[in-house]
A.B. asks: 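Here it is, the structure in full.
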Number of protein chains: 2
Amino acid sequence: MQQIEQIVASLRDEGFRITPQRMAIVDYLIKTEDHPSADLIHKVVRKRYPMVSLSTVYKTLDLLREKKLVNEIEVEGEARFDAHTDEHINLVCMKCGKIDDVDEESLKEIQVKASKKSKYLILKSNFELHGYCGNCKSKMK
Amino acid sequence: MQQIEQIVASLRDEGFRITPQRMAIVDYLIKTEDHPSADLIHKVVRKRYPMVSLSTVYKTLDLLREKKLVNEIEVEGEARFDAHTDEHINLVCMKCGKIDDVDEESLKEIQVKASKKSKYLILKSNFELHGYCGNCKSKMK
DNA sequence: TCCTTATTAAGAATAATTCCTAATTAGTAA
DNA sequence: TTACTAATTAGGAATTATTCTTAATAAGGA
């Protein structure tokens, strides 16, 4: 689990300025279990820090993604973000839209195999399973 | 490997009409190795069947996806389509945008494990690896 | 405290996708 | 073959997530 201090330190080390906007966004991402969209991040962060604009949210997310401090996955036409950056499976509920993480050891192995077979240089991975979460599943019968 | 006849039959069986537009789109998807976007499908199909509109391409792809006759993956803000519907890994080149498929037996197993652990009812999966393809890799040094 | 330059806010621009509606046509039945 | 009708289509407008632009602001160093 990443800590705010680690992320702030790695940004500072590379010469990026530590602004209240960046702090607020990182703080939220670290603490939430959700996989929020840019828009949701904006809405939530605004409650406490009303001066954060949506374009700053996008820029900050770009930066964090580039530095591999957050993960991005695209679901139904929008990007969703997550501070859980080690390899895992994203379970996406097609009903309520929530995303859960599940760890799975064999992903690394699969990645190595596929890389050899295909001659690709792999830089990132994304494993998704889509369906209905336990909650939505039981509501449906 | 799916055949055109199979797809056409399963559409007809469910009462959908077999139009030249649908035939043209299915025909292209079956024959190509690419994972084309809706826009590319439109451009290609238009050469032979100039009466196909982009909105029909989208509608047809919706239908085919719903009937699980094609696979959809979202890459960099656009949807890419593929008639290869059994479980596999999509290798996405971050340079040239091409997508290659790699089969991997253990995906089914992983899916079962994750489903048990999470209580999700899994309906579809998407496994992506992003990086540079062999071709782009060698061009870069 | 001041200065430089990265960063931000705000809104305009872009691009993929969806929506809307009148016109067309596939499939069916006479 | 012809006529019918509901599904489908073409074309363009509307929507929506994201990117771009620019002037104003402020972080961090001197």
Side-chain angles (χ1 to χ4, degrees), chain A residues 7-28 35-67 69-70 72-81 92 97 99, chain B residues 7-28 35-67 69-70 72-81 92 97 99:
Chain A
I7 293 183
V8 168
S10 61
L11 289 179
R12 200 192 302 274
D13 285 355
E14 299 203 53
F16 295 102
R17 293 181 180 172
I18 307 307
T19 65
Q21 290 89 339
R22 285 174 176 168
M23 288 293 285
I25 292 164
V26 168
D27 182 65
Y28 171 49
H35 292 58
S37 64
D39 195 60
L40 179 59
I41 293 169
H42 184 228
K43 283 200 175 75
V44 170
V45 164
R46 269 209 153 189
K47 285 183 196 159
R48 276 218 273 172
Y49 309 86
M51 71 298 200
V52 179
S53 75
L54 182 58
S55 58
T56 295
V57 172
Y58 274 107
K59 271 245 184 133
T60 301
L61 290 170
D62 276 358
L63 175 65
L64 294 171
R65 176 170 21 71
E66 208 144 304
K67 297 301 157 196
L69 300 171
V70 303
E72 176 184 351
I73 84 171
E74 273 181 75
V75 176
E76 289 172 27
E78 75 175 6
R80 307 273 298 263
F81 299 87
V92 182
I99 299 177
Chain B
I7 293 182
V8 168
S10 60
L11 289 179
R12 199 191 302 275
D13 285 355
E14 298 203 54
F16 294 101
R17 292 184 180 171
I18 307 306
T19 65
Q21 290 89 338
R22 284 174 177 169
M23 288 293 283
I25 293 164
V26 168
D27 183 64
Y28 171 49
H35 292 58
S37 64
D39 195 58
L40 179 58
I41 294 169
H42 184 227
K43 282 199 176 74
V44 170
V45 164
R46 269 208 154 190
K47 284 183 196 160
R48 276 218 274 172
Y49 308 86
M51 72 295 201
V52 179
S53 75
L54 182 57
S55 57
T56 295
V57 172
Y58 275 107
K59 271 245 185 132
T60 301
L61 290 169
D62 275 359
L63 176 64
L64 295 171
R65 178 173 15 75
E66 207 146 305
K67 297 302 158 196
L69 301 170
V70 304
E72 176 183 353
I73 84 170
E74 274 181 75
V75 176
E76 289 172 27
E78 75 175 5
R80 308 273 298 263
F81 299 87
V92 183
I99 300 177

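Below, read A as the first sequence line, B as the second, and so on, with proteins coming before strands; counting in each chain starts at 1.
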A.B. asks: Between A:Asp39 and B:Ser55, who's closer to the 5' end of DNA chain D by nearest nucleotide?
C.D. replies: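 Nearest nucleotide further toward 5': that of B:Ser55.
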
A.B. asks: Between A:Glu74 and B:Gly77, is there a donor-acceptor pair closer than 3.5 Å when you use the side chain of the first and the backbone of the second?
C.D. replies: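 Yes, the answer is positive, given that a donor and an acceptor are paired below the 3.5 Å cut-off.
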
A.B. asks: Please confirm whether any donor atom in the side chain of B:Ser53 sits under 3.5 Å from an acceptor in the base of D:dG11, or the reverse.
C.D. replies: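 No, the side chain and the base share no sub-3.5 Å donor-acceptor pair.
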
A.B. asks: Mapping B:Arg80 and B:Lys59 to their closest nucleotides on DNA chain C, which lands nearer the 5' end?
C.D. replies: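 Result of the comparison: B:Arg80.
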
A.B. asks: Ignoring backbone atoms, test whether A:Thr19 places a side-chain nitrogen or oxygen under 4.0 Å from the OP1 or OP2 oxygen of C:dT8.
C.D. replies: yes

A.B. asks: So does B:Arg22 get a side-chain nitrogen or oxygen closer than 4.0 Å to the phosphate oxygens (OP1/OP2) of C:dA26?
C.D. replies: no

A.B. asks: Considering only NZ, NE, NH1 and NH2 on the basic side and carboxylate oxygens on the acidic side, decide whether A:Arg65 and A:Asp62 come within less than 4.0 Å.
C.D. replies: yes

A.B. asks: Within this structure, what is the CD-to-P distance between A:Glu74 and D:dT16, rounded to whole angstrom?
C.D. replies: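 About 18 Å, once rounded to whole Å.
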
A.B. asks: Is there a side-chain polar atom (N or O) of A:Tyr58 under 4.0 Å from OP1 or OP2 of D:dT19?
C.D. replies: no

A.B. asks: Once you round it to whole Å, what is the distance between P of C:dG11 and CG of A:Leu54?
C.D. replies: 12 Å

A.B. asks: Round to the nearest Å and state the distance from A:His42 atom NE2 to D:dT16 atom P.
C.D. replies: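 Interatomic distance, NE2 of A:His42 to P of D:dT16: 17 Å.
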
A.B. asks: For the side chain of A:Glu78 and the backbone of A:Ser37, is there at least one donor-acceptor N/O pair under 3.5 Å apart?
C.D. replies: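 Answer holds: no.
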
A.B. asks: Assuming nearest nucleotide by heavy-atom distance, tell me which of A:Pro20 and A:Ala79 is located more 5' along DNA chain D.
C.D. replies: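 Nearest-nucleotide comparison on DNA chain D picks A:Ala79.
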
A.B. asks: Rounding to a whole Å, what distance do you find between B:Ile41:CD1 and C:dT17:P?
C.D. replies: 10 Å

A.B. asks: Using atom types as modelled and distance alone, determine if a side-chain donor or acceptor of A:Arg22 lies under 3.5 Å from a backbone N or O of A:Arg17.
C.D. replies: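 Judged by distance alone, yes, a pair lies under 3.5 Å.
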
A.B. asks: Rounded to whole angstroms, how far apart are CE on A:Met23 and P on D:dG28?
C.D. replies: 10 Å

A.B. asks: Whole angstroms only, please: what is the CG-P distance between B:Leu40 and C:dA15?
C.D. replies: 17 Å

A.B. asks: Side-chain N or O of A:Arg17 versus OP1/OP2 of D:dG29: is the shortest distance under 4.0 Å?
C.D. replies: no

A.B. asks: Calculate the interatomic distance between A:Glu72 atom CD and D:dT18 atom C1'; express it in whole Å.
C.D. replies: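 Interatomic distance, CD of A:Glu72 to C1' of D:dT18: 11 Å.
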
A.B. asks: Taking A:Thr56 for the side chain and A:Val52 for the main chain, is one N or O donor matched with an acceptor at less than 3.5 Å?
C.D. replies: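 The answer is no, because no donor-acceptor pair under 3.5 Å joins these two groups.
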
A.B. asks: Atom CD1 of B:Ile18 and atom P of D:dA6: how far apart are they, to the nearest Å?
C.D. replies: 20 Å

A.B. asks: Among C:dT18, D:dA17, C:dA10, which nucleotide has an atom closest to any side-chain atom of A:Glu78?
C.D. replies: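 The answer is D:dA17.
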
